[in-house]
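The structure under discussion appears below in the form of structure tokens.
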Amino acid sequence: MGSRAGAEDSADQHLRAGRWGAARDCFLRQLAERPDGGAYEGLAQALWWLDDGAGCLAARESAYRLYRDQADDLGAARAATSLGYDSLLFGEGEAVARGWRGLAHGLLDRLPETVEQGWLAVREAEAVIAAQGDPPFAQAWAEQAAAVGVRQQDADLSHAATALAGLALTLAGCPEEGAPLLDRAVTAATTGEVRDAMWMGKIYCWLIIACQQTRDLSRADEWCRRVETVCERRQLSPLFTACRIQHSSVLIERGTWSQAETNLTEVMDEAVPSRRHSRLDAVVLLGELRRRQGRIREAEELLRQAEFEPGAIVSQAMIRLSRGERMQAWTAISGVLAGIPEHQRTVRASFLLPAVQTALAAGDEEAARNCADELRTTAGLVGNGPLQGLAAAADATLAVGSEAVAQWHTAVRWFHESRLPFDEGESRLALATALLALGDEGGAGEQVGRAIELLEGLGARERLDDAIRLRGQLSGRHETRPVLTEREVEILRCVAQGMTNQQIAQTLTVSPHTVHRHLSHILGKLEQPTRAGAVAHALSHHLL
């Protein structure tokens, strides 16, 4: 009897210390001796941190069945509650997750109030935000959970529920009400009042999500770095992965594209066997980054992997718009907006400027104006620079003449102050076009020059080409920048790595003759006599 108690203590100690592999092994040894619901729950928790989705779900289901056989309704409800969210997390779908939560409600509704009822309410709020996008409904569940936490004197429950309520309010477009709740919960997590590492990490992540949704990028950047440090120190791999993805979205907006690319590529490589949704999030972000870089074929290959994700649909629609496929682009984006409830204001705000652009291009001016009005309202509620910039850009897209110039000036100012170089570069380019339409060639030239500096620094090839063409138009010299096809860029990159024609052919699965033909075209376009000269020229002009 004493040796079994010692083994249990050892497993729990490993779990509390974050030694996930050691905890897993201890729980497995216990279960080899005798079935035990608590050991199955502990095993599931260790496997959750080890990102073994199938093993985690199987252990939780074993705990549920064992508790039911023993008529332990509280234990069974606890296991069903965990399955009510983990099934969603690990890709089993909302119907399965909802079924488990329903079982938990059936078990708990006939029992006196316990912390398990509060945790079930937390899981309901999480699921609503993740799957249904209904912030007021999530807020109601979170407030119910917080009340249980207070009555039951459970600090982890109280703080997790408070953070969720804050996130729900923020998503509904009320950050002035949501931010204090999130700050309170994060302070508790930072000072050690939240003991469970999973809930501590989730509270951090919810704060970062709220910052991203309101485009409070400085705060998001700060917290991402702090949480990444905590995750590395405590070996919280799943949370570290999620945080790196969130941080990458901030880096993309801020123009730190090289670091974002490294983060996302590593996450995608590491998450290949994972059943979590996080890898898909990374795919969408990298696809959008490739679109901004002008690496369109790579962008489309990535976005196809996440074809049903709203972000992927919108990025693909913007590629279609650039090709002149106006109606297809607007149909895609309007479909995304139709699937996001109107009260989920900050989520919709991310897609409203593309909606204005595509609706107007497709000839639906009324829809474009409605989207611009909604974006302006949300920006007014949230009140920060990035959203004000998006709203000004939407209004500028619909305006003409001096009004367009004024609105583009406003957008440029907001994006510059918010340190969003890609948005600023695009807005300066649009401002230059508006100024040129009024005959102000000097002002247009100044804006084009600044746009070129920003876009060249980022490596945004397609938009940079647009800016250089406009500068050539202004100067009367029709300045052009050699445009290489995606295949030519691939071949020139191989040349830069020192490959021979034969090696390039093997790498790209083409014939040596095809490589030779492409190289001839490249040398002609770049007006360079040698391969080395072509590489040097391409690097100096940001063609690679």
Side-chain angles (χ1 to χ4, degrees), residues 88 93-95 97-98 124-142 164-175 177-178 205-206 208-216 245-246 249 253 277-278 280-281 283-285 287-288 291 303 306-318 320-321 328-360 362 364 366-382 384 386-387 390-391 393-394 397:
L88 191 62
E94 168 59 12
R98 187 169 56 245
E124 289 285 11
E126 274 196 291
V128 167
I129 289 175
Q132 300 169 27
D134 189 341
F137 194 30
Q139 182 188 346
W141 278 116
L164 262 178
L167 176 60
L169 282 163
T170 301
L171 293 175
C174 303
E177 298 176 46
C205 285
W206 293 333
I208 293 168
I209 291 170
C211 292
Q212 289 174 305
Q213 290 298 319
T214 57
R215 298 177 78 88
D216 188 350
I245 294 171
Q246 292 166 342
S249 72
E253 295 292 331
H277 195 273
S278 53
L280 215 52
D281 294 335
V283 168
V284 173
L285 278 176
E288 170 61 12
R291 183 189 76 82
L303 296 171
E307 61 176 324
F308 302 114
E309 295 298 305
I313 294 170
V314 172
S315 292
Q316 184 65 61
M318 297 309 289
R320 287 177 172 171
L321 181 63
Q328 297 95 320
W330 168 231
T331 299
I333 292 181
S334 62
V336 168
L337 287 176
I340 304 173
E342 291 186 3
H343 48 238
Q344 201 167 358
R345 284 189 170 277
T346 57
V347 176
R348 289 175 61 86
S350 301
F351 305 130
L352 288 173
L353 178 56
V356 171
Q357 295 166 334
T358 54
L360 189 63
D364 194 341
E366 181 181 1
R369 292 195 179 279
N370 289 339
C371 290
D373 290 344
E374 181 184 342
L375 182 52
R376 194 183 317 110
T377 299
T378 300
L381 288 169
V382 175
N384 64 19
L387 281 176
L390 290 176
T397 301

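Sequence positions, counted from 1, serve as the residue numbers for this chain.
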With side chains defined as the heavy atoms from C-beta onward, is the minimum distance between [X] and [Y] less than 4.5 Å?
X: M318; Y: T358; answer: yes
X: R376; Y: D373; answer: yes
X: S350; Y: V314; answer: no
X: Q316; Y: I313; answer: no
X: R345; Y: T377; answer: yes
X: L352; Y: E374; answer: yes
X: I129; Y: W206; answer: no

At what distance, to the nearest 0.5 angstrom, does [atom1] of [X] lie from [atom2] of [Y]?
X: F137; Y: E124; atom1: CZ; atom2: CD; result: 7.0 Å
X: R348; Y: Q213; atom1: CZ; atom2: CD; result: 13.0 Å
X: E177; Y: L169; atom1: CD; atom2: CG; result: 5.5 Å
X: D281; Y: E309; atom1: CG; atom2: CD; result: 6.5 Å
X: L375; Y: N370; atom1: CG; atom2: CG; result: 12.5 Å

If every non-hydrogen atom of [X] is compared with every non-hydrogen atom of [Y], which pair is closest and at what distance?
X: V283; Y: A306; answer: CG1-CB, 4.4 Å
X: A125; Y: L164; answer: CB-CD1, 3.8 Å
X: L360; Y: A368; answer: N-CB, 3.9 Å
X: S315; Y: E288; answer: OG-OE1, 2.7 Å
X: I333; Y: A317; answer: CG1-CB, 3.6 Å
X: T378; Y: A349; answer: CG2-CB, 4.1 Å

Polar contact flag, side-chain donor to acceptor under 3.5 angstrom, S249-Q212: yes
Per side chain to side chain contact (heavy atoms under 4.5 Å, CB included), P135 is matched among V347, T170, T346, L171 by L171
Between R215 and V382, does the side chain to side chain contact (heavy atoms under 4.5 Å, CB included) criterion hold? Intermediate values first, please. CA-CA 9 Å; R215 298 177 78 88; V382 175; over 6 Å; no
Start with the C-alpha distance between R369 and E366, add both sets of side-chain angles, then the distance that settles salt bridge (charged side-chain N to carboxylate O under 4.0 Å, His left out), and finish with yes or no. CA-CA 5 Å; R369 292 195 179 279; E366 181 181 1; over 6 Å; no
Please assess C371 against L337 for the test side chain to side chain contact (heavy atoms under 4.5 Å, CB included), listing each intermediate value before the final yes or no. CA-CA 10 Å; C371 290; L337 287 176; 4.1 Å; yes
For Q357 and T397, run side-chain hydrogen bond (donor to acceptor under 3.5 Å, both in side chains): C-alpha distance rounded to whole Å, both residues' side-chain angles, the deciding distance at 0.1 Å, then the answer. CA-CA 7 Å; Q357 295 166 334; T397 301; 4.7 Å; no
